[in-house]
Amino acid sequence: MSFLDASGMTGGYGAADILHGCTLKVEKGQIAVIVGPNGAGKSTAMKAVFGMLRLRGGHVKLDGEDITALSPQERVAKGMGFVPQTHNVFPSMSVEENLEIGAFLRRDDFRPTIDMVYDLFPILRQKRRQPAGELSGGQRQQVAVGRALMTQPKLLMLDEPTAGVSPIVMDELFDRIIEVARTGISILMVEQNARQALEIADMGYVLVQGANRYTDTGAALMADPDVRRTFLGG
Amino acid sequence: MTQRNILMFAAVLGLVLFEGFTGGWNTALGILNMGLISAVLALGVNMQWGYAGLFNTGIVGFVALGGLAPVLIALPPTPGAFNAGGLGLILAFAVAAGAVALAVVINRRARGAVRLLALPVVMVAGFFAYRALFDPAVAAIEAINPSAAGNIGGLGLPILLAWPVGALFAAGAAWVIGKTALGLRSDYLAIATLGIGEIIVAVLKNEDWLARGVKNVNAIPRPVPYEVDLQSSPAFVERAASFGLDPVTASTIAVKLAYTGLFLAVLLALVWLSERALKSPWGRMMRAIRDNETAAAAMGKNVTRRHLQIFIIGSAVCGLAGAMLITLDGQMTPGSYNPLRFTFLVWVMVIVGGSGNNWGAVLGGMLIWYLWIKVEPWGHGLMGLITAGMADGSAIKAHLLESAAHMRLMTMGVILLLVLRFAPKGLLPEK
Amino acid sequence: EEIKLGISLGFTGPLETMAGPMALGAELAMKEVSDSGLLLDGSTIVPVRSDSTCVDSAAATAGVERLITTEKVKAIVGGMCSGEATASLQNVAMPNGIVMISPSATSPALSSLEDNGLFFRTSPSDARQGEVMADIILEKGIKSVAVTYTNNDYGKGLADSFEAAFKAKGGTVTVNAAHDDGKADYSAEVGALAAAGGDALVVAGYVDQGGSGIVRGAIDSGAFETFVFPDGMVGSALVEKFGAEIDGSFGQNPASGDEGRDIFLKLAEAAGFDGTSAYSAEAYDAAALMMLAMQAAGTSDAAVWKDKVMDVANAPGEKIQPGELAKALEIIKAGGDVDYVGGAAVELIGSGESAGSFREVAIEGGELKVIGYR
Amino acid sequence: MIRVENLHKHFGGFRAVDGASLEIATGSITGLIGPNGAGKSTLFNVIAGVLKPTSGRVTMAGEDITGLAPHELFHKGLLRTFQIAHEFSSMTVRENLMMVPAGQSGETLWNAFFNRRKIRDEEQALLRKADEVLDFLTISHLRDERAGNLSGGQKKLLELGRTMMVDAKIVFLDEVGAGVNRTLLNTIGDAIVRLNRERGYTFCVIEHDMDFIGRLCDPVIVMAEGKVLAEGPAAHIMENEAVIEAYLGTGLKNKVKAGGAA
Amino acid sequence: MDILNALVALLNFVIIPASSYGAQLALGALGVTLIYGILRFSNFAHGDTMAFGTGVTILGTWGLQAMGVSIAPLPTALLALPFGIAVTALLVLGTDRAVYRFYRKKKSDPVILVMVSVGVMFIMNGITRFVIGVDEIQFDDGERFLISAKAFKEATGLAEGLSLRSTQVITVVTAVLVVWALFWFLNSTRTGKSMRAFSDNEDLALLSGINPERVVAVTWIIAAGLATIAGTLYGLDKSFKAFNYFQLLLPIFAAAIVGGLGNPLGAIAGGFIIAFSEVSVTYAFKKVAGYLGPEGWQPDSMLQLLGTEYKFAVSFAILIIVLLFKPTGLFKGKSV
Ligand SMILES: Nc1ncnc2c1ncn2[C@@H]1O[C@H](COP(=O)(O)OP(=O)(O)OP(=O)(O)O)[C@@H](O)[C@H]1O
Ligand SMILES: Nc1ncnc2c1ncn2[C@@H]1O[C@H](COP(=O)(O)OP(=O)(O)OP(=O)(O)O)[C@@H](O)[C@H]1O
Ligand SMILES: CC(C)C[C@H](N)C(=O)O
Ligand SMILES: [Mg+2]
Ligand SMILES: [Mg+2]
């Protein structure tokens, strides 16, 4: 039984379906990466897993429990964390407040986690008092990931966390994601920096037009010349 | 027009017809005429908000300025007024304009201490020179027969000329306001324009030499015949009789129909032009600016200029409506320009109709006006129903009946909420 | 026949507190006539109300339009405020040939308005009140006053006519400044008035509007101690609000000193409303005049009975007090002549407005005392 | 083509751009890279007229363009895309493109009212052009979709598409690649090269994808802390110690191995 | 020269009244600014919420008076405030449930919400008048003056009087306290931060486990409290009349805007700016100049920049000038 088991998801925003029986699974402590062309429905699938989209078919199970009917808020309480692709910071609040809000549901002392995030993204320590809306694109992205890390989720979902961040930060980030996974947290992420992402992935999904096209281990997908050419940019 | 449009308009027309059959054609036409003017107003506001996203809440000011035109154009001149103070006024305004221009030039050219010194000197000196010319001129004008005149008077020209002039007045003001205030956004622009509207109305209320201020102007000439004259014209009475109408009813209806014709012509022309504009690359550009100013500017669109353009045009349309309104009323009462009625009600019209949609604005204008008038009797009726079962003379019944008048606004609120609940984007949404 | 009479008053808006008792006054007269069963062979009167808002001419006009064309009323008691009254008169009543009798529109401009003989008022023009007020003030030995007026045609008209009269009689007006009604705060106005100074403050405003705001501010800050109150301010609300704080102040309002007023007050009390509220008696009189004129003309057709209004209102004839409408109807029916006096000592002059008898009042020991009539 | 001289842009006390001087040669595809917060986007925004510089000068073909408004720069042939997509969200994708060209006669009210024929012909041409661009970007099936409903990457493509609607002299691309599928990004890279060769566009490209930079750009300018850190051909830059330390890092592969992940 | 009298005149007619009026506006503006800051729309119903809250408080006051409870020398109404706040909170919560929530879920344009609030305004307007009527009500029963003009003159022997009402002092003190409390609440408490987060990005707040319904409810409750306090203090100082609260809406909005929407400090600053510009720009300096000039001299003119009939215009003109230099208000307000 996978930790996250979202099977046969079908649904969309309006009348037309975007997802057509899409299936995503992540094991405990493993990293799953979704790749695919623009508009394939990757973000939509993430939203569906998080309950921000009404599904017409399929189900979502977390740790064996069916959560298909739960609201996003209830899913947060169940230990799911999510960084959306866009609009992923609180622009008028300071960097530090953004992180604090990430820990909103936590009752323990979250100072160490903040320090951990600052160590991960040193620039944020410098900018802790600055409103997130005044940050550069890449800095914002770091805040967004930091916020999600603050929740200390059991399943962390990241929609293109490395879009716009510099190579050095991207390396750091992937590094940290591996570390996080090692502590037993499952990770589901969408990436366009697909080759780097698949290298650290236990599982890879290639999504095309709302359906699974290829599903395999990260390494296997990397090795498939077809996949490389069509989806990973050669 | 889509099917939905046609259906909606048919419904509103049906309401008017129903009113005609049950309440009499005079009432129906009365509502229709004000509805048409409201539609013109809503069209103007829709241009600013629906096309360009400008939150203008100074509408009452532009309507009032438009209303000034019939007074200044169509009223007969006040004998002696111009000789008494006309020259002084013109001189005073020339001095004021000169001072402002000089100040602007100094502000642009001069630097440092020169600017710091010269600017206040010019402005203060300008102000006192202006007052020195202005005050005696005003006093002289206001001294002429104050209970019946006391104002500069009009030009005695045909009243219909006042309509475009009213639009021009409003456009002129909009130009000045737009030049200064259009840098503001959303609610900040709203409150700034709200203030400007208040200022304009305050000027109209307090500058008696202009249009008698709160003393009001009555008996403004009309573009259509007087009912009394019709009633005493044998030809008309005969015609009326051939329709089986008594002269009084016939004359009042005939006059209202004449107004309806005029207003309808204006409205249709405006709608035609607006539709053409909106469905052209110009309209597309406007929507782009509304959606995202930064991007539109980066795509080469001069956002400031376009905002100014639409602000002026929309205001001009409001001014036109203001002039039409005064023409219909036959009197100018500056005290009646209150923002609830002339700003927020118009906004309600635009939003209920469907912002961004010309037909929506027209529909909203007519419908909301109809409701504004009808909720009063409905409020009474509702209270009558509620209290019908109660014992006569009971305190609760008395209290309820007492409160019936307040049911008017309450009913309006309920209807407004109902419409917005079932058509949250307006009755005829943009797309 | 069932005859409908319209009542167009500002039930909502800035004068909403005054409108209620006025309408009740008018309806009292109508009920009296209906109950008597003597009007035009047993016709009954049905009142129909419409909200004139007092400030929105368009709404007032639309309301009157409805009254006339939908409800088919034969006459209208109203409008309430001068501006709105003029609008509905010119735009609706005149074209339809319907009579309007206003209890309270007092602007001097209405005297000279072209009205085809369709407009009357049971209150006097403010031009007259200005004179009377000037006299009263000077008689108290006060030579210098500050004036504040509500910024509408009523306030401005009254303040101007007062200033002219007061100056002509040798007084000085230190300042004649407007205040707008319904503002949240009047500190600025009070400050300016205090700076101008004067031995008394003339408040040509409304008692449940800015007028009271100004008085409150002036008392609290000690700017003035003596106030002069014209009609818009004289009412029970005034002493309820200020009581002994305005002892020594005085004023006047159109009202008859005759017993008529007292009779009306009793009738009002019996009917359960406050008859002392401004213009309530005038509204009673306005309605009464209409019905008496109908009776005199023998028809409810306004085109005919409009010419009878002056007849029934003025001498010669038997004097008619409030509550005696039945008696009046009978006299007229019998071919006699009446001189309606009513609650406000109606005497129509000129083109049909009240000649104006004024009641002089003073505040003593926190009570409104009637000093005399002039 | 563009020369930036000692440019400063301060936010309060913070120096986002701190005395940057650089030149973008006519006909080049210049890469602009640097760590997050180096001041790249701020520099773009100053050049493009969105922000007023604190001090310094920007010239275009010798002409001073410092502080000109964005729409004026557009008319001089300077186009830009936004790092965070700025689509016209309530308009269709095709309208987003069609509104771009300047000087459309239908943009004056008079013509809109009374000169419909002329407008119709122009619109036909625009329509064809827009469809070509959409085809190229592989999103022609979305032409009638509201732009606000596009996916993150699709919006980026639309940003790029707008610059292809007119003949520009110089185009500033702020991270067009972020969020765009790498296969498609390669195609976009080809198009940029083609526009550069065939139509003579000059490009200035901000990008964090070093493959893309390496394949396309010459020269590459590196910014850090508001200043220019290094400049030169891509291959050189990638060897530069300072650049590696501040920006590139030592590469992921080593770390992955060292960490021993799956 | 008579500096003392000049000073007293200025205090009595400009500074004290403007300060207390400013505090009244500020309290009202706080409610508007809070709703704007968190729920992101201009709430036109706020004036009528104030009227309703005050109406209920008055009913409570009457109840207390009937029971003989009093806290003299303070007005009894202060004791009835919690009751007023509670009822008003229930009303606005109900309104939110029945009306606003629908549009929030639909993510409607702010302007739609503004229009909806106009509808709510009409309805509340009716309810208030229905419950307590249109008449003016005086419900201040405490000690009215701290210093009365007469007593001051007698005590000091000056020609000018100085009056200070207890309600004025209560209002100013309350305004300062409330602003401080609100500022602290929004910036330092968990709930306050969650409210700001919600206002910034509703979806993301949801993803962080913030319960939007709770945020909205807390916002409305605070707004109801602010409205009731503001309305009651205003009513105590002047008097209660339903119609006036609608009129109060305009200067309140002006105050909120000029200070910068969404910022409690801005509301206070805005309130004082509007009040002082109304009162001081139209003040006639004749008397003050007379005291300052040589003995026995009086200036001929009023020394007034503009007549009081333009006082509203003046305050708006100042507002516009401020906005021209600070387009989102003095304290960098929000803008949707
Ligand atoms: N409005 C502002 N107020 C204050 N600081 C700002 C503002 N805008 C940007 N900054 C700061 O300026 C610096 C440069 O930002 P800029 O967006 O130019 O970076 P960048 O090089 O484009 O980075 P990225 O690669 O992440 O997009 C950042 O540290 C940012 O925090
Ligand atoms: N709010 C929306 N309403 C309607 N359609 C939408 C909406 N959001 C996305 N879509 C459509 O759904 C499809 C899938 O979008 P989605 O955002 O899931 O793509 P994606 O795979 O994440 O792409 P990208 O890599 O570009 O982010 C797209 O064709 C898009 O146009
Ligand atoms: C009700 C009255 C006080 C009205 C006033 N007399 C007027 O003419 O406006
Ligand atoms: Mg996506
Ligand atoms: Mg950037």
Side-chain angles (χ1 to χ4, degrees), chain C residues 11-20 146 148-151 155-156 174-197 206-210 212-214 216-225 235-238 240-243 245 274 277, chain E residues 9 12-14 16-18 20-21 24-25 28 129 133-136 138 144-145 148-150 152-153 160-163 165 234 237-239 241-252 275 278-290 298 302-304 307-309 311-312 314:
Chain C
F11 295 104
T12 64
L15 291 181
E16 52 193 20
T17 56
M18 258 187 207
T148 178
Y149 61 89
T150 171
N151 203 5
K156 175 119 190 158
T174 58
V175 65
N176 188 355
H179 64 260
D180 279 294
D181 281 330
K183 288 285 179 266
D185 179 271
Y186 290 101
S187 316
E189 284 82 355
V190 170
L193 292 169
Y206 298 123
V207 67
D208 46 275
Q209 280 296 324
S212 286
I214 300 259
R216 180 83 269 159
I219 298 174
D220 283 352
S221 61
F224 290 92
E225 275 158 13
S236 55
L238 188 67
E240 270 164 33
K241 277 183 196 164
F242 301 108
E245 286 180 286
D274 175 16
S277 177
Chain E
N12 193 30
F13 290 112
V14 179
I16 292 178
S20 67
Y21 178 39
Q24 282 158 3
L25 289 183
R129 285 160 206 231
V134 294
D135 293 326
E136 191 157 348
Q138 198 88 40
R144 190 161 170 75
F145 289 98
S148 81
K150 234 185 215 137
F152 181 86
K153 276 196 221 170
E160 286 294 323
L162 180 79
S163 80
R165 292 197 296 280
Y234 174 81
D237 191 45
K238 308 266 158 54
S239 69
K241 185 154 188 268
F243 187 76
N244 282 358
Y245 285 82
F246 169 70
Q247 300 284 342
L248 202 54
L249 196 63
L250 233 59
I252 281 181
E278 263 191 27
V279 178
S280 63
V281 175
T282 56
Y283 184 68
F285 283 90
K286 179 175 176 175
K287 237 182 185 171
V288 174
Q298 275 281 329
M302 295 274 288
L303 296 184
Q304 192 182 20
T308 47
E309 64 270 22
K311 72 169 185 181
F312 224 43
V314 169

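No hydrogens, no waters, no symmetry mates; every other heavy atom, side chains included, goes into these values. All chains are named by letter (A, B, ...) in the order of the sequence lines, taking the proteins before the strands, and each is independently numbered beginning at 1.
Heavy atoms of E:T282 lying under 4.5 Å from chain C belong to its backbone as well as its side chain. Neither the backbone nor the side chain of E:Y245 comes within contact range of chain C, judged by heavy atoms closer than 4.5 Å. For chain E, the nearby part of C:E225 is the side chain; its heavy atoms alone come within less than 4.5 Å. If you measure heavy-atom distances from E:F152 to chain C, you find no contacts under 4.5 Å at all. For chain E, the nearby part of C:A177 is the side chain; its heavy atoms alone come within less than 4.5 Å. With a 4.5 Å cut-off on non-hydrogen atoms, E:F145 touches chain C through its side chain but not through its backbone.
Here E:R144 pairs with C:D220 in a salt bridge; the nearest charged N to carboxylate O distance falls below 4.0 Å.
The closest donor-acceptor contact from the side chain of E:Q138 to the backbone of E:K238 lies under 3.5 Å.
Contacts with chain E were tallied for C:G222, C:A194, C:A184; C:A184 has the most, counting heavy-atom pairs under 4.5 Å. Contact tally against chain E (heavy-atom pairs below 4.5 Å) for C:S221, C:G191, C:G217: the top residue is C:S221. In terms of heavy-atom pairs under 4.5 angstrom with chain E, the leader among C:A178, C:A192, C:G20 is C:A192.
The shortest side-chain heavy-atom distance between C:Y149 and C:N151 falls under the 4.5 Å cut-off. You'll find the side chain of E:I16 reaches within 4.5 Å of the side chain of E:L162, heavy atoms only.
Aromatic ring pairs are classed by plane angle as parallel below 30°, tilted from 30° to 60° and perpendicular above 60°; the pair E:Y283 and E:F13 is parallel.
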Review point. So C:E189 and C:K183, salt bridge (Lys or Arg N to Asp or Glu O under 4.0 Å) or not? Walk me through it.
Key: CA-CA 11 Å; C:E189 284 82 355; C:K183 288 285 179 266; over 6 Å; no
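Side-chain polar atoms of E:Q24 and E:D237 form a donor-acceptor pair below 3.5 angstrom.
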